[in-house]
Amino acid sequence: MAKLPTSIPDLVQLYGPTLHTIPSGGWTRNPQEEKLVKTHCCFCGQQCGIQLRVNNNKVVGFEPWEDFPFNKGKLCPKGVKRYMQDEHPDRLKTPLQRVEGSGFEPLGWEPAMERVVGEIRRIQQAYGKDAFALLTGASLTNEKAYLMGKFARVALQTANIDYNGRLCMVSAGAASKKIFGIDRSANPWSDIPKAKVILVAGANIAECAPITTDYLWQARENGAKLIVIDPRMTPIARNADLFIPVRPGGDIGIFNGMMHILIERGWIDRAFIAEHTSGFEAVAQAVEKYTPEYAAKIAGVPAEMIVKAAEMWGPAPSSFLLHARGIEHHTKGVDNCMAAINLVVATGRIGREGCGYAMITGQGNGQGAREQGQKCDQLPGSRDISNPEHRDYIAGVWGVPEESIPQKGLSAVPLVEAIHDGRIKGLLSLCFNPAVSLPDGNFVREALSKLEFFVNIDFFLSETARYADIVLPGSLMEEDEGTTTNVEGRVILHRKAVTPPGEAREDWRIVCDMAARLGKADKFNYASPKEIFEELRVASKGGTSDYYGMSWERIDENNGLFWPCPEPGHPGTPRLYEGGKFGHADGKAHLMPVEWRPSAEMPDVDYPIILTTGRVVSHFLSGTQTRRIGALMEQYPQPRCEMHPRLAEKLGVADGDCVKVESRRGSMVVRAQVVKTIRPDTVFVPYHWPLDRSANNCTIRAIDPISNIPEFKFCAVRVSKTELPADEIAALGLEAGGIR
Ligand code: SF4
């Protein structure tokens, strides 16, 4: 039997020094200094409860938090390894400035901040206020998201702020707003096990929202049937009663085809439709032509599958529909979501126990970060920046003239296009890594290199930060405190476990300091994130996402509170739409007719294969954090191109071969993974890696006209086997087990 590691040298020998699995101080405990801090995972939108084990101001491990109701102590591979990034040697601990030709050198806070503020002033005076833009993150706490929206509109008075939730939740949010009048999952997750049929569309739940798997298993234990729609047979699909391997972009075929059958067979709730909805006749008319055969052509699956799905969904006594990026990352992402939601509303199975709908948030605060005003078109409380009454209210909270608040600005992709063509000259980014996460990577990196001035606040030197003139060391989640809003709409509290290392500072302090230097100290005079929350709850009062009745103490005591929570003492609202009362002024759900249309770039003779992208369980988004956690890198060290054996044979590719994936915009070289779990017309590559292995070198900048989400799930590529010498394989990080 192999000897178990008992010392740090043993561990280094086992894992290697580059894997960074071991905190710099080793694992030695000092029991007097040890404490457990109840907080939440920093990664995905599930926001699982976790207890961080802290020793000598270092996070050295974790314990499950079994009383937290959402995950009851369960964690996924990212959650159990999250603490390992804290002591990583790459952690930024001092401001840096770029030195042309030789990288970065340390700089004091004072000269760094003076330079930042001087450049902001210079650019805005020379080119106008909107020439300086902000790109922010959906992993920020509600307090920071609120602060960034206010900083843009009050301190900089620029219209151009957007956030990386633009790459994640906006199609789902827009569809929910259109149909329900509210942008939030409709039910708490505790409703999932009570449903008798569950439809999961475009959601790789086991890898991207792992704790939700447990809710599905509970439902299965209770006799629920499971339908999964996905171009890949994801782990959850392997346990489905019905798996529909839809062609990417063909989802509307399935949803409209199902609706056609529901109407034909009388499986819709006419009384509910009459009393609680509008628009049904237009939907019925739109789906008339979506016979199973027509729908099947669009979806690229046998017609019988669509009929079977309708037969499972239609007569069910209770049901739950969940979707995620698979149907949302399209130029018709909003339409895809609306076609899915129509199925929920037309059957009247919403707003009741075990009957509901949810969008699966990707980023940590994907839900809350879009409510607090860092979207280019929203003010706090999910208010509309174009609505005069909404503007008046927020101007009152901020103590500024209404007309001084800029109008709607550019969303993320058009904003980067404006940098590329010279309309935007300066940029501040906070926890957004567009060099890896935006589509058409070569274009994005070109744009970043054209900026006259770029300041980046982050805790690691991300691929984007490498383009910055000044890098300011901010804070990890556990180095600050604040609230986030999880996938269910539950507002929860992250507690501070440690202080930022070295000269690093909490992000909110950096931003408030910047605002003060820009002459707005009186508007950013906060002593703590809790004070920011106190203003945020007032700003949200009367808005759709109303937090007014919440306090940090109440959130803490209740293990989270669901919005809307309009008055102190209000219990919060776990389940929306009870009694068929929806969020629109008329109280009704507005059903929306949807027509299928092709994706922006269909396959052709030159680029005959569909590329779709996504995540793997071991990594998170642009990988800035998880690519630095050795144990996660060991699990999934490099991106792989999944392809079906039939396609592999046609291309002359064997499992493990290096392949070049090329689109009209760029290419990547990765190893092939030949699997039967993907359609033969499609390849899949995860997007967590940068540069030569970035899936986003190939993706397209086409966006949904309503949500402005990019079409990450569909572009045309060609794939070819490529023979590389060993040194190039090593340089690309493609060795077997290669890590970079
Ligand atoms: S499911 Fe999400 S929140 Fe929970 S442990 Fe995993 S990454 Fe963290």
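All ligand and atom numbering here is 1-based and tracks the order in the structure. FYI, side chains are in, hydrogens and waters are out, and symmetry mates aren't considered; it's all heavy atoms of this structure. Numbers for residues simply follow the sequence, beginning at 1.
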Describe, in one word, how the ring planes of F68 and H40 are oriented to each other, choosing from parallel (under 30°), tilted (30 to 60°) and perpendicular (over 60°).
-> perpendicular

Using side chain to side chain donor-acceptor pair (under 3.5 Å) as the criterion, list what pairs up with S171, not counting sequence neighbours.
-> S707

Aromatic ring centroids of F70 and Y215 under 6.0 Å?
-> yes

Under-2.8 Å protein N/O/S neighbours of atom 8 (Fe) of ligand 1, ordered by chain then residue number = C41 SG

Non-neighbouring partners of E488 that pass side chain to side chain donor-acceptor pair (under 3.5 Å), sequence neighbours left out = N486, R490

Of all residues at least two apart in sequence or in a different chain, which pass the side chain to side chain contact (heavy atoms under 4.5 Å, CB included) check with Q378?
-> K177, K375, S382

R232 NZ/CZ over F684 ring centroid, <6.0 Å and within 45° of normal = yes

